[in-house]
Amino acid sequence: MSELGEAVQAAIAEGRLGPRLWLYSNYHCNLSCSYCLTESSPGAERRQLDPAVMRQTVAEAVELGFEGVGITGGEPFLRPDLPEIAAELSVLLPVLVLTNATLFDGERIERLAPIRERDVTLQISLDAASAIANDPMRGPGNFERVIGAVPRLLEMGIGVRIATTLYGQSDAELDDVRELVAQLGVSPDDHVVRPTAARGRAIEAGLGEAAGMDELPAEATITVDGLFWSPFAPTMTGGRLDTDLLVSRQTQPLDAALQAFIGLVTEVPLAEATRFR
C-alpha cells in the first residue's frame with residue numbers, strides 16, 4: 001500500500017473522506033429540474049467522461065482503498081454505453097448510479113440487462129407522493145414513470161434506492177413519501193432524504209442550504225473539468241462552471257490528482273452536514 005493509499009484509508013476510517021469515488025459521466029439530461037445543481041437539461045452541452053478514463057480511474061481507486069464508485073450527471077442513462085460501463089466497474093467496486101428513472105419505460109428497460117444481478121444499485125429521485133406535488137419541480141410525467149419503473153427494476157434483480165430532495169415539504173408529506181417507498185418494495189434503509197444544496201440552478205429558484213467546503217463532506221469527484229470536493233460541487237451558474245470547490249484540474253493519474261485533495265481533507269474541519277451524503 002502506498003503512502004497516499006494509507007492516507008486515503010485513514011481519512012475514510014476517520015470519517016473525513018467519503019468511501020465512494022464519484023464520476024460525473026455526463027452533463028446533459030432529459031429533464032430540467034428547477035433545483036438542478038449543474039443546470040442540466042436536454043439542451044446542455046454533451047460533456048462526458050471517456051469510458052477508458054472511467055475504467056482506469058476506478059482501477060486506481062481500488063488500489064488507493066476506495067470502497068465504492070458513484071456515477072452521476074446529468075442523466076447517466078442518456079449514454080447508451082452506461083449499462084455496460086457500470087457492469088464492468090462493478091467487478092472492481094460496488095457501483096451506485098444516480099438516475100431520474102424516466103428512461104426505463106416500455107421495452108427500454110431491457111437495456112439494463114447488463115447490470116442484472118450485478119453489484120450495481122440505482123438511486124432514483126422521488127420527491128413527493130403524488131404527481132401533482134412531484135412533477136412541477138421535476139417535469140411532466142416524472143412521477144408516473146418512476147413508480148412504474150421501480151417494481152420492474154426490483155423484479156429484474158437490480159438494486160434500488162430512493163432519494164428525496166427537500167424543498168419545503170411538510171412532515172406529513174414526507175411521511176406520505178416514506179409510505180409510498182415502502183409500497184414500491186424499497187426498504188426504509190434505502191430511502192435517502194436530503195436537503196437541496198444552494199448551488200447551481202437552486203440559487204436562482206431561491207432554494208437550498210449553504211453548501212461550501214465547510215458544509216459538504218469531502219467526497220472525491222471526477223469530472224471532465226477536474227477533481228472537485230464533492231458531487232455537489234461541480235455546479236453551473238448562469239451557464240458558467242463554478243470553480244470554488246475545484247481542487248485540481250488534473251484527474252489522471254488519480255494518485256497525483258488526490259495528493260492536493262488529501263491535504264485539504266486533513267486541514268478542513270469535519271463537515272457537520274453528513275445529511276448531504
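In this text, all values refer to a predicted model and were calculated from it rather than measured experimentally. Note that these values count all heavy atoms, side chains included, but never hydrogens, waters or copies made by symmetry.
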- Task: Show your reasoning for whether salt bridge (charged side-chain N to carboxylate O under 4.0 Å, His left out) applies to Glu88 and Arg118.
- Result: CA-CA 9 Å; Glu88 287 183 48; Arg118 297 279 191 152; over 6 Å; no
Nearest non-hydrogen partners of [X] and [Y], listed with the distance:
{"X": "Gly65", "Y": "Gln9", "value": "CA-NE2, 3.6 Å"}
{"X": "Leu246", "Y": "Leu227", "value": "CD1-O, 3.5 Å"}
{"X": "Ser25", "Y": "Met54", "value": "CB-CE, 4.2 Å"}
{"X": "Phe66", "Y": "Leu21", "value": "CD2-N, 3.9 Å"}
{"X": "Val58", "Y": "Leu93", "value": "CG1-CD1, 4.1 Å"}
{"X": "Trp229", "Y": "Ala218", "value": "CZ2-CB, 3.5 Å"}

- Message: Checking Phe228 against Trp22 for the ring pair (Phe, Tyr, Trp, His ring centres under 6.0 Å) test, could you report, in this order, the C-alpha distance in whole Å, the side-chain angles of both residues, the deciding distance, and whether it holds?
- Response: CA-CA 9 Å; Phe228 285 80; Trp22 286 91; over 10 Å; no
Side chains of [X] and [Y]: donor-acceptor distance under 3.5 Å anywhere?
{"X": "Ser2", "Y": "Asp255", "result": "no"}
{"X": "Thr164", "Y": "His191", "result": "yes"}
{"X": "Asp242", "Y": "Thr235", "result": "yes"}
{"X": "Asn100", "Y": "Asn142", "result": "no"}
{"X": "Gln252", "Y": "Thr57", "result": "yes"}
{"X": "Glu75", "Y": "Thr99", "result": "yes"}

- Pairwise ring pair (Phe, Tyr, Trp, His ring centres under 6.0 Å) hits with a residue in residues 72-104, at least two apart: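 For residues 72-104: Phe77-Phe104.
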- Item | From CA spacing to verdict: side chain to side chain contact (heavy atoms under 4.5 Å, CB included), Leu96, Ile71 | CA-CA 6 Å; Leu96 178 69; Ile71 300 176; over 6 Å; no
- Message: Does Thr251 form a side chain to side chain contact (heavy atoms under 4.5 Å, CB included) with Thr223? I'd like the steps, not just the answer.
- Response: CA-CA 8 Å; Thr251 60; Thr223 80; over 6 Å; no
Taking the side chain as every heavy atom from C-beta outward, state whether [X] and [Y] have any atom pair closer than 4.5 Å.
{"X": "Arg20", "Y": "Glu67", "result": "no"}
{"X": "Arg47", "Y": "Asp225", "result": "yes"}
{"X": "Val53", "Y": "Val224", "result": "no"}
{"X": "Asp119", "Y": "Val95", "result": "no"}
{"X": "Thr243", "Y": "Leu241", "result": "yes"}
{"X": "Tyr24", "Y": "Pro234", "result": "yes"}
{"X": "Pro76", "Y": "Asn26", "result": "yes"}
{"X": "Ser187", "Y": "Asp189", "result": "yes"}

Roughly how far, to the nearest 0.5 Å, is [atom2] of [Y] from [atom1] of [X]?
{"X": "Glu173", "Y": "Asp127", "atom1": "CD", "atom2": "CG", "value": "11.5 Å"}
{"X": "Leu180", "Y": "Leu184", "atom1": "CG", "atom2": "CG", "value": "4.5 Å"}
{"X": "Leu126", "Y": "Arg145", "atom1": "CG", "atom2": "CZ", "value": "14.0 Å"}
{"X": "Leu166", "Y": "Leu174", "atom1": "CG", "atom2": "CG", "value": "5.5 Å"}
{"X": "Gln48", "Y": "Tyr27", "atom1": "CD", "atom2": "OH", "value": "12.0 Å"}
{"X": "Glu144", "Y": "Ser130", "atom1": "CD", "atom2": "OG", "value": "10.0 Å"}

- Message: Counting only heavy atoms not in Asp50 (residues, nucleotides, ligands), do more than 12 fall under 6.0 Å from its CG?
- Response: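 Yes, because the 6.0 Å sphere around CG of Asp50 holds more than 12 heavy atoms from other groups.
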Ion pair [X]/[Y], N-O distance below 4.0 Å:
{"X": "Arg138", "Y": "Asp135", "result": "no"}
{"X": "Glu155", "Y": "Arg116", "result": "no"}
{"X": "Arg55", "Y": "Glu60", "result": "no"}

- Query: Which is it for His28 and Ser41 under the side chain to side chain contact (heavy atoms under 4.5 Å, CB included) test, yes or no, and what are the steps along the way?
  - Reply: CA-CA 6 Å; His28 59 295; Ser41 70; over 6 Å; no
Would you say [Y] ends up clustered with [X] if hydrophobic residues are merged whenever their side chains have heavy atoms under 4.5 Å apart, either directly or through other cluster members?
{"X": "Val69", "Y": "Val97", "value": "yes"}
{"X": "Ile115", "Y": "Leu103", "value": "yes"}
{"X": "Ile158", "Y": "Leu98", "value": "no"}

- Message: Is it the case that the side chain of Thr221 and the backbone of Glu219 share a donor-acceptor pair, with hydrogens and angles ignored and the cut-off at 3.5 Å?
- Response: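 Checked: pair present.
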- Under 3.5 Å, side chain of Glu14 to main-chain N/O of Ala11, donor-acceptor pair present?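 Absent.
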- May I have the step-by-step check of side chain to side chain contact (heavy atoms under 4.5 Å, CB included) for Met213 and Leu245, ending in yes or no? CA-CA 7 Å; Met213 196 171 286; Leu245 297 180; 3.9 Å; yes
- List the steps and the verdict of salt bridge (charged side-chain N to carboxylate O under 4.0 Å, His left out) for Arg111 and Glu84. CA-CA 9 Å; Arg111 280 285 299 121; Glu84 287 76 16; 3.4 Å; yes
